[in-house]
2 protein chains.
Amino acid sequence: MLSRKKEIPEQLNERLATSGLRFTPQRQQVYNVLLDTRDHPTAEEVFLRAKHESPDISMATVYNCLDALVTCGLVRQVNVNRAATRYCPNMNDHCHFYCDDCGKVLDVNCTSAGPVAGAKVPSGFQVTHYELSLRGHCPDCAAKAAKLHH
Amino acid sequence: MLSRKKEIPEQLNERLATSGLRFTPQRQQVYNVLLDTRDHPTAEEVFLRAKHESPDISMATVYNCLDALVTCGLVRQVNVNRAATRYCPNMNDHCHFYCDDCGKVLDVNCTSAGPVAGAKVPSGFQVTHYELSLRGHCPDCAAKAAKLHH
DNA sequence: CTTCAGCTTAGAATAATTCTAAGTATTGAC
DNA sequence: GTCAATACTTAGAATTATTCTAAGCTGAAG
């Protein structure tokens, strides 16, 4: 169980270094939490999970570590509907779907063109980031609702 | 100055009624503020502007009124980057561009297909809402930056 | 070694929003 | 019209997510 975590440190260390940040056990721990279950936890959830292995970690450190991981490009923030920010270690081009029924946040792939292409941004605008967030019913909840309907 | 506001009440009244909400002077006032300058103000900014004409209005009422307007479909919330929610009375299909330099929020038209088409949502997902937010440099700030560069 | 910048920590502070309780206004039943 | 029921507004307290502060710790560089 602990063995597979040995792979990570080098990659993490390099990425931190390129942003002028140091490798620390807390940063590794927080990153591990995100990699372990990719369910887009909030900072608070990361904190609770990280405490299992590092009981002394503090909330402020979790925020600091998450910031560091975002800064060095290993993690993305996911904001949906003004709820607490969630964190996602999937750096592929994708967007997020929030299920209004069960509250889960799910990754949704974008086509190669990406949704920004569909937005046809007027000339003059320089887009450096974009975030597409979807809301509705996830496949599970949609299926349940359909069943109830008959 | 007051004359052009006479147009609004009926439309607003109808829309409120269809959601089981009442017409009130405060709701009209808040809606007027949004229509007057479509610059995506925050609740606080709406509050300050509304106070000019209705000095007794309270912050809680502004939030209540904005909620009512969102509920009855006359206003949209615009969330960007966990900053304070902004409010937009443009209900056409469009998305928002946030300028990292000047902080302005600008409307950007979407094509008829819309960005969700570009996202190719897997089957099973039922998308009821989506929000595409862009960040970068607006035309003005991009031009200024280019000039400074030489 | 010693220094110095970067990191972690607990707890205080902040900012946006929501809640609470009380008062006011409007609606509908009679 | 009167009266009760419901909806709305208000001030201020409370809540929540996040950031700040000050102090101590750590590890690399001189």
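Residue numbering restarts at 1 for every chain, and letters A, B, ... go by the order of the sequence lines. Computed from heavy atoms alone, side chains included, the values below leave out hydrogens, waters and symmetry copies.
- dA17(D) atom P lies 18 Å from atom CG of Asn81(B), rounded to whole Å.
- Among residues two or more places apart in sequence or in another chain, the ring pair (Phe, Tyr, Trp, His ring centres under 6.0 Å) test is passed with Phe97(A) by Phe125(B).
- Between the CD atom of Glu44(A) and the P atom of dT16(D) there is a distance of 10 Å, given to the nearest Å.
- Among pairs with a residue in residues 140-150 of chain B, none fulfils salt bridge (Lys or Arg N to Asp or Glu O under 4.0 Å), at least two apart in sequence or across chains.
- Atom CG of Asn13(B) and atom P of dC8(D) are 12 Å apart (whole Å).
- Atom-to-atom, CG of Leu69(A) to P of dC7(C) comes out at 12 Å; the value is rounded to the nearest Å.
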Counting primed atoms plus P, OP1 and OP2 as sugar-phosphate and everything else as base, spell out the protein contacts along nucleotides 22-30 of chain D at 4.0 Å heavy-atom distance: B, S or - for each nucleotide, 5' to 3'. ---------

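- Considering every non-hydrogen atom in both Pro41(A) and Val46(A), the closest pair reads CG-CG2, 3.7 Å.
- In this structure, Arg27(A) reaches the dC7(C) phosphate: one of its side-chain N or O atoms is under 4.0 Å from OP1 or OP2.
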For residues 98-108 of chain A, tabulate all N or O donor-acceptor pairs below 3.5 Å that involve a side-chain atom, not counting sequence neighbours.
from      : atom 1 : to        : atom 2 : distance (Å)
Asp100(A) : OD1    : Arg135(A) : NE     : 3.2
Asp101(A) : OD1    : His137(A) : ND1    : 3.4
Asp101(A) : OD2    : His137(A) : ND1    : 2.6
Asp107(A) : OD1    : His40(A)  : NE2    : 2.6
Asp107(A) : OD1    : His94(A)  : NE2    : 3.3
Asp107(A) : OD1    : His96(A)  : NE2    : 3.1
Asp107(A) : OD2    : Asn90(A)  : ND2    : 2.9

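- Note that the CG atom of Leu12(A) and the OH atom of Tyr31(A) stand 7.0 Å from one another [nearest 0.5 Å].
- Remark: Thr18(B) pairs with no residue by the side-chain contact (heavy atoms from CB on, under 4.5 Å) rule, at least two apart or across chains.
- Within residues 55-64 of chain B, the residues that place at least one heavy atom under 4.0 Å from DNA chain D are, in residue-number order, Asp56(B), Ile57(B), Ser58(B), Ala60(B), Thr61(B), Asn64(B).
- Checked against side-chain contact (heavy atoms from CB on, under 4.5 Å), Thr42(A) has the following partners two or more places apart in sequence or in another chain: Glu44(A), Glu45(A), Ala84(A), Arg86(A).
- For Arg49(A), the salt bridge (Lys or Arg N to Asp or Glu O under 4.0 Å) partners at least two apart in sequence or on another chain are Asp39(A).
- In the helix from dC1(C)-dG30(D) to dC30(C)-dG1(D), the rotation axis of the first five pairs and that of the last five pairs differ in direction by 20°, rounded to 10 degrees.
- Take Ser123(A) and apply the side-chain contact (heavy atoms from CB on, under 4.5 Å) test, not counting sequence neighbours, and it matches no residue.
- Regarding Glu45(A), its CD atom lies at a distance of 10 Å from the P atom of dA17(D), rounded to whole Å.
- With dC7(C), dT8(C), dA17(D) as the choices, the nucleotide that has an atom nearest any side-chain atom of Leu21(A) turns out to be dC7(C).
- Taking Thr24(B) as the reference, Gln26(B), Arg27(B) meet the side-chain contact (heavy atoms from CB on, under 4.5 Å) condition, with sequence neighbours excluded.
- Following rounding to the nearest Å, Arg86(A) (CZ) and dT16(D) (P) show an atom-to-atom distance of 16 Å.
- Here the P atom of nucleotide dT15(D) and the CZ atom of Arg82(A) are 19 Å apart, to the nearest Å.
- Listed pair Thr85(B) / dT17(C) meets the phosphate criterion, a side-chain N or O lying under 4.0 Å from OP1 or OP2.
- Counting non-hydrogen atoms under 4.0 angstrom, Thr42(A) reaches nothing in the nucleic acid.
- At least one donor-acceptor pair closer than 3.5 Å links the side chain of Ser58(B) to the backbone N or O of Thr61(B).
- Separating the CG atom of Asn79(B) from the C1' atom of dA15(C) is a distance of 15 Å, rounded to the nearest angstrom.
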Show every donor-acceptor pair shorter than 3.5 Å between a side-chain atom in residues 63-74 of chain A and any protein atom, with sequence neighbours excluded, or say none if there are none.
from     : atom 1 : to       : atom 2 : distance (Å)
Asn64(A) : ND2    : Ala60(A) : O      : 3.4
Thr71(A) : OG1    : Asp67(A) : O      : 2.8

